[in-house]
There are 2 protein chains.
Amino acid sequence: MMHASPITRRSLAEELAERLRDLVISGGLLPGAKVDEAALCETFGVSRTPLREAIKIVASEGLLTLTPNRGARVATITGSEIAELFPIMGALEGLAGELATARLTDKHLLRLDALHDQICASRNNAKWLNYSKANRAFHELIFEIAGNVALQQTYQGLMVRIHAVRFVAQQPPDAWDQAVADHDGIMAALRARKSREVGRLLRRHLDNKAHAVIAALSAALSAAS
Amino acid sequence: MMHASPITRRSLAEELAERLRDLVISGGLLPGAKVDEAALCETFGVSRTPLREAIKIVASEGLLTLTPNRGARVATITGSEIAELFPIMGALEGLAGELATARLTDKHLLRLDALHDQICASRNNAKWLNYSKANRAFHELIFEIAGNVALQQTYQGLMVRIHAVRFVAQQPPDAWDQAVADHDGIMAALRARKSREVGRLLRRHLDNKAHAVIAALSAALSAAS
DNA sequence: TTTCTGAATTATGAATTCAGAATCTCTCCC
DNA sequence: GGGAGAGATTCTGAATTCATAATTCAGAAA
């Protein structure tokens, strides 16, 4: 028998949901901005039906906000939401760290080390885009090693809701230093295969991040007023 | 000024999404069953457009599975998915327990005690329906006390995906005994306001539950073959 | 019989249409 | 000048329509 051909076309709605997500996360649509159905239909070359399905999906994920008879807007994020989300992400990433430690191979450690080095280098020469890329990759790798797909998906679902702060509050350099210090500790615990410790440090890392973000946010808010 | 009128009719799609969810969770539509659009349009008295939007939403939550050009089916659950989901729920409920302990009032404790008593009573006279109701209420109350809305929502989102096992595997009585014993310990730790301990016990409780469910599932599967 | 083929039927995905709500605009009046 | 309100316009939500893919079923061939 021939090799089975994997022809899996997705529906327009799924495709559009992904495009919408990307638009929101990349900042193509800023928090609070109105989602113009007609314009998006034009740019994507589709009718309103699948686009509206996509909007409903992305709204159910929390990236858009629907108001009856008034359409969709890009979701905004408040300090109290951030204060809620970070501990959850901490619990999830703590679990990921524990699972990852149990499955950690030397090859994994090499990849983590490489990313950690990138993070440090980017911090040292202030390449903040590189820094956040490598940082994201580092955290994603931990989830990948943990090998729990649902865990990663749940985490990602919360993570995307945080994206909005990027457009409101910039992290000051000392927040990076704290993060790098956290990572140092995490790497040490990983190398020692102390899963409980890895979990604890990741929870604390997210807690530190939460404080830094909230501080940056309130600074931005008071500067605006 | 008059009291603001709460005439916020939700969209049909949102309404239908909730009905669909209820249908799936209540067992009105069993795992693996096809979602008949025409029949549902008929029963709900709506056109296909909002119904299909609702289907897309509920599918994005993981309760339905979409296959291109082949419509929607009620999601089924596998042992490996359960093995993934329970640790996540454990991490979340562990966090909820820690947060709840920090905010615990004596009034809260009374309500928890009342539910715990109901659970024990239902176990003793084998009222399974009462048991699971009181059990759910107990766990929900912990999240309510914790006061983190996003945490509860995330937990619920995972919880509903577990519903499908009810139709496949029944819990044996000794699993209930274990659960009641776990609850005893959790109550004691709550009364002592040992938040760390509450978290630890809740994680272990969910871990025990996972093992019980997986055992029941594999028993059901081997019985079926 | 059983299995294969292809037309008829049905279901799905997406575009279009339609009704009603929200928004805008222009006039009129103070 | 500065609203208040009628009417036009635009936008949203939902029904309908249409094209195409999947399924069913009758009939032919083994």
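The figures that follow rest on heavy atoms only: side chains count, while hydrogens, waters and symmetry mates do not. Small disclaimer: the values here were computed from a predicted structure and weren't measured. Numbers restart at 1 for each chain; the letters A, B, ... are given by sequence-line order, proteins then strands.
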Is there any protein nitrogen or oxygen under 3.5 Å from a nitrogen or oxygen in nucleotides 10-13 of chain D, and what are the pairs?
{"unit_1": "D/dT12", "atom_1": "OP1", "unit_2": "A/K34", "atom_2": "NZ", "d": "2.4"}
{"unit_1": "D/dG13", "atom_1": "OP1", "unit_2": "A/N69", "atom_2": "N", "d": "3.3"}
{"unit_1": "D/dG13", "atom_1": "OP2", "unit_2": "A/R52", "atom_2": "NH1", "d": "3.0"}
{"unit_1": "D/dG13", "atom_1": "OP2", "unit_2": "A/R52", "atom_2": "NH2", "d": "3.4"}
{"unit_1": "D/dG13", "atom_1": "N7", "unit_2": "A/R48", "atom_2": "NH2", "d": "2.8"}
{"unit_1": "D/dG13", "atom_1": "O6", "unit_2": "A/R48", "atom_2": "NH1", "d": "3.0"}

Quiz prompt | Flag for B/Q178-B/D182: side-chain donor and acceptor within less than 3.5 Å | solution = yes
Quiz prompt | Check against side-chain contact (heavy atoms from CB on, under 4.5 Å), A/E140 and A/E144 | solution = CA-CA 6 Å; A/E140 274 173 8; A/E144 184 193 318; over 6 Å; no
Exercise. Ignoring backbone atoms, establish whether A/T49 has a side-chain N or O less than 4.0 Å from OP1 or OP2 of C/dA14.
Key: no
Self-check item: Pairs satisfying ring-ring contact (aromatic ring centres under 6.0 Å, His included), at least one member in residues 43-70 of chain B, at least two apart
Solution: none
Practice problem: Test side-chain contact (heavy atoms from CB on, under 4.5 Å) on A/I55 and A/L66 and set out the steps. | Solution: CA-CA 9 Å; A/I55 288 173; A/L66 299 177; 3.8 Å; yes
Exercise. Report the distance from atom CD of B/E53 to atom P of C/dA14, rounded to the nearest whole Å.
Key: 13 Å
Quiz prompt | Atom pair distance, as rounded to whole Å: CG in B/L40 and C1' in C/dT12 | solution = 14 Å
Self-check item: Check against salt bridge (charged side-chain N to carboxylate O under 4.0 Å, His left out), B/E61 and B/R161
Solution: CA-CA 8 Å; B/E61 295 167 358; B/R161 288 176 57 183; over 6 Å; no
Quiz item: For the ring pair B/W176 and B/W128, is the centre-to-centre distance below 6.0 Å?
Solution: yes
Exercise. Compute the angle between the rotation axes at the two ends of the helix from C/dT1-D/dA30 to C/dC30-D/dG1, each taken over five pairs, rounded to 10 degrees.
Key: 10°
Quiz item: Is B/E98 salt-bridged to B/R203, cutoff N-O under 4.0 Å?
Solution: yes
Quiz item: Could you give the distance from CE (A/M159) to CD (A/E93), rounded to the nearest 0.5 Å?
Solution: 8.0 Å
